[in-house]
There are 2 protein chains.
Amino acid sequence: MPAIKDVARRAGVSVATVSRVLNDHPSVRVDTRERVLAAVADLGYRPNAVARSLRTDQTRALGLVISDVLNPFFTELARSVEDAARELDYSVVIGNADERPDLQDHHVRTLMDRRIDGLLVSPTDGGSPMMLAAARAGTPMVFVDRWIEGEGLDRVPVVRTDGQGAIRALVAHLCALGHRRVAIIAGPAATTTGRERVAAFRSALRESGLALSADLIGQGDFQADSGRRVTARFLDLPHPPDAIFAADNLMALGAMDEIRARGLRVPDDVALAAFDDIPWFVHTDPPITAIAQPTGALGRAAVTALIDLVEGRPAESVTLSARLVTRRSCGESEGSTP
Amino acid sequence: MPAIKDVARRAGVSVATVSRVLNDHPSVRVDTRERVLAAVADLGYRPNAVARSLRTDQTRALGLVISDVLNPFFTELARSVEDAARELDYSVVIGNADERPDLQDHHVRTLMDRRIDGLLVSPTDGGSPMMLAAARAGTPMVFVDRWIEGEGLDRVPVVRTDGQGAIRALVAHLCALGHRRVAIIAGPAATTTGRERVAAFRSALRESGLALSADLIGQGDFQADSGRRVTARFLDLPHPPDAIFAADNLMALGAMDEIRARGLRVPDDVALAAFDDIPWFVHTDPPITAIAQPTGALGRAAVTALIDLVEGRPAESVTLSARLVTRRSCGESEGSTP
DNA sequence: CCTCCTTGTGGAATCGATTACATGAGATTG
DNA sequence: CAATCTCATGTAATCGATTCCACAAGGAGG
């Protein structure tokens, strides 16, 4: 693999001149530039990004640590982040934490070691030590979807979706269909989305004159299995719920598994709704009512904020809103509410 | 961010000694080592991977260029690749080609510029120039799932799944259920999986005494939309097929969309089967019969082969087999055939 | 015609690590 | 006791770029 000095030798100039051509510095005579470009083409030379990064102290790479790649929501997010970053000439290095704090820490550490220019995180737990260290060290950092609080983290912008309105719409929808005893499969209390969705659900219920009793709050971990376990517990109750709201799509899948395994039907025996909409929800039996996040916009906003930070501009938190997409899993009534 | 010389200064030794401690070189006195380690801890020092890579000419990073992140098959593959790589202390940098040759080229170029140690590719088209260049330049490279042929590419190992047996089982299954006029939504002819699946399907049909007429081969591109378009064409035929086999899961999704949009039912009006099994297929209406690939094993085998290459050992191609998982989308009969 | 700019180019320091080679102290050996 | 070897450590070159500074040539202005 040819280096800059090979190009210089072949073009009969110094490495400094080659570098100037490569970074199109103005003061290079046209014929010299052409000679250099010809040498570059002849040799198939490509600048070594590693060397360049060492010298310039920037990698033009962003790190994205997500909680679970197998969750379509995060896959879509990752895709939109990559698209947005590519347009600004940045690469994205993804780390999958698999909802495990230790893995999350591993990825943050590796990314920092590789000196990525900025970090996009959707934290799994409350206070990963590496993340705190990174934030304190002044690494440009933005939280997406979920965030954490902590010393030194108050200046980290948060790009997220507010589900309150959509959850209120969902509760109204459930009430209108006659459901009164509704349960929630919550996400981990260590995550903001885990807590917020429960809180929003509870207050929406209260507004509709319903209460969320303790035995109808099940603790899940955003993965399918936990949805299944929690649902089993709900259905074993002497007085089981007539509607279940899963705080993410994977847990809804698990819930559906369990309901079906017991020979029960959705929505006749239990209604089901999920946070996070995905293409497959249209095709399940029955199609599942869900709260959709604007994933594309979320990813773009996160990248914009992060790159503002990276390039020394101030960045602000962004909150987008989710919307309810009603299908048949809570009872008859098709259509979507904006 | 502290550098090695800061550690050296604080420990009262030279940078060489610090480096030796960090790479646990044997000849360092125990008390010196402890002093250095203490300095490292005090400063929260982490070696700069960029500098290290420049010097050692290895990044301990692998590139993975996949055709489409939104396709659950590739997401699962990416996840298993990352898991396997992490165990061997390598990071994985993913590039999503989105089934676009230009994007694929972009990612291969970026990864090469960043001097990744090896490249795992599931090629989108026939002969991306950068990929050929990379292979010729001697970059360790392994094809996963799909592969391409070309000058200089004959020594690139291929880790893939052979679907012939499973496809034969699928055809037998369709025949047993009385389907005679079967169609296929093929993948791009530029991809091996695109061609192979059609070929295997055709020869399995022949073995069962059926022919695959030209109007029942639709050209798709492995994305949902194309599945929908091709299905529309099939259903507009004066004599439409009674079974459709989609060469991947996204096209099956598109097919299902179109079938449903016309008010037809699966499997009563048309049977449907797909290549690539995914968790959601259990929950669609009806559950979809699919051919499952051993994704985890595929990813692990690919990483093993690539790292063998990276570390100078010879590597071999690996072929695993797929298996048919029958559900209800082709007609009654539940269960799975190994 | 001398001085002062401007323009184009080269030399060399630099980024943060690794590592071959040099060095000095102490141990071993004949 | 001199010669040699071993061990622990330091000095400095190196990887491949970028960039500050120096410098030469030519043009402009007085």
Side-chain angles (χ1 to χ4, degrees), chain A residues 1-40 43-61 89 109-117 137 139, chain B residues 1-40 43-61 109-117 137:
Chain A
M1 196 144 269
I4 197 170
K5 65 168 183 291
D6 302 311
V7 177
R9 188 161 23 227
R10 183 173 248 262
V13 298
S14 73
V15 295
T17 301
V18 177
S19 175
R20 277 189 276 257
V21 171
L22 262 30
N23 297 284
D24 40 43
H25 189 92
S27 79
V28 177
R29 238 172 42 215
V30 189
D31 59 325
T32 325
R33 150 171 274 112
E34 276 166 8
R35 221 148 17 99
V36 170
L37 257 19
V40 165
L43 298 172
Y45 168 77
R46 298 246 78 217
N48 184 328
V50 175
R52 182 183 297 210
S53 295
L54 177 61
R55 183 59 236 251
T56 60
D57 201 35
Q58 57 155 321
T59 49
R60 289 202 85 80
D89 268 315
R109 181 169 19 248
T110 314
L111 292 168
M112 296 294 294
D113 284 356
R114 294 186 187 277
R115 299 298 192 266
I116 42 120
D117 293 338
T139 313
Chain B
M1 197 143 270
I4 197 169
K5 66 168 182 292
D6 303 311
V7 178
R9 188 161 23 228
R10 182 174 249 262
V13 297
S14 72
V15 294
T17 301
V18 177
S19 174
R20 278 189 275 257
V21 171
L22 261 30
N23 297 283
D24 41 42
H25 189 92
S27 80
V28 177
R29 237 170 44 211
V30 188
D31 60 323
T32 324
R33 146 170 279 113
E34 275 166 8
R35 224 152 10 103
V36 170
L37 257 19
V40 165
L43 297 172
Y45 167 76
R46 296 247 79 215
N48 183 327
V50 174
R52 182 183 295 210
S53 294
L54 177 60
R55 183 60 235 251
T56 60
D57 201 36
Q58 56 155 320
T59 50
R60 290 202 85 80
R109 182 169 16 251
T110 314
L111 292 168
M112 295 294 295
D113 285 355
R114 293 187 188 276
R115 301 298 193 267
I116 42 120
D117 293 338

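Just the heavy atoms: all of them, side chains too, but no hydrogens, waters or symmetry mates, feed the values below.
When distances run from any side-chain atom of A/V13 to the nucleotides D/dA17, C/dG10, D/dC15, the shortest one goes to C/dG10. Side-chain proximity of A/A3 to C/dG16, D/dG10, D/dA17: nearest is D/dA17. Listed nucleotides: D/dT9, D/dG16, C/dG10. Nearest to the side chain of B/T17: D/dT9. Of the candidate nucleotides D/dT18, D/dT11, C/dT18, C/dT18 has the atom nearest to the side chain of B/S19. Nearest nucleotide to the side chain of A/S27, out of C/dG8, C/dG11, D/dT19: C/dG8. The nucleotide whose nearest atom lies closest to any side-chain atom of A/L54 is, among C/dA12, C/dC15, D/dG10, C/dC15.
What separates CD of A/Q58 from C1' of D/dT18 is a distance of 12 Å, to the nearest Å. As a whole-Å value, the separation of B/D113 CG from D/dG16 P is 15 Å. Rounded to whole Å, the distance from CD1 on B/I4 to C1' on D/dG10 is 13 Å. Between B/N48 atom CG and D/dA17 atom P there is a gap of 17 Å when expressed in whole angstrom units. Here C/dC15 presents its C1' atom at 13 Å from CG of B/D6, a figure rounded to the nearest Å. The CZ-C1' distance, from B/R35 to D/dG10, rounds to 13 Å in whole Å. Computed from coordinates, the B/R114 CZ to D/dA17 P distance equals 15 Å when rounded to whole Å. What separates CZ of B/R29 from P of D/dC7 is a distance of 14 Å, to the nearest Å.
OP1 or OP2 of C/dT18 sits under 4.0 Å from a side-chain N or O of B/N23. Neither OP1 nor OP2 of D/dT18 sits under 4.0 Å from any side-chain N or O of A/T56. Dashed line: the shortest gap from a side-chain N or O of A/S53 to OP1 or OP2 of D/dA17 is not under 4.0 Å. Taking side-chain N and O atoms only, B/K5 has no distance below 4.0 Å to OP1 or OP2 of C/dA17.
A donor-acceptor contact under 3.5 angstrom links the side-chain atoms of B/R20 to the base of D/dG10. Looking at A/R55, its side chain comes within 3.5 Å of the base of C/dT14 through a donor and an acceptor atom.
Across all strands, B/V50 comes closer than 4.0 Å to no nucleic acid atom at all (heavy-atom distances).
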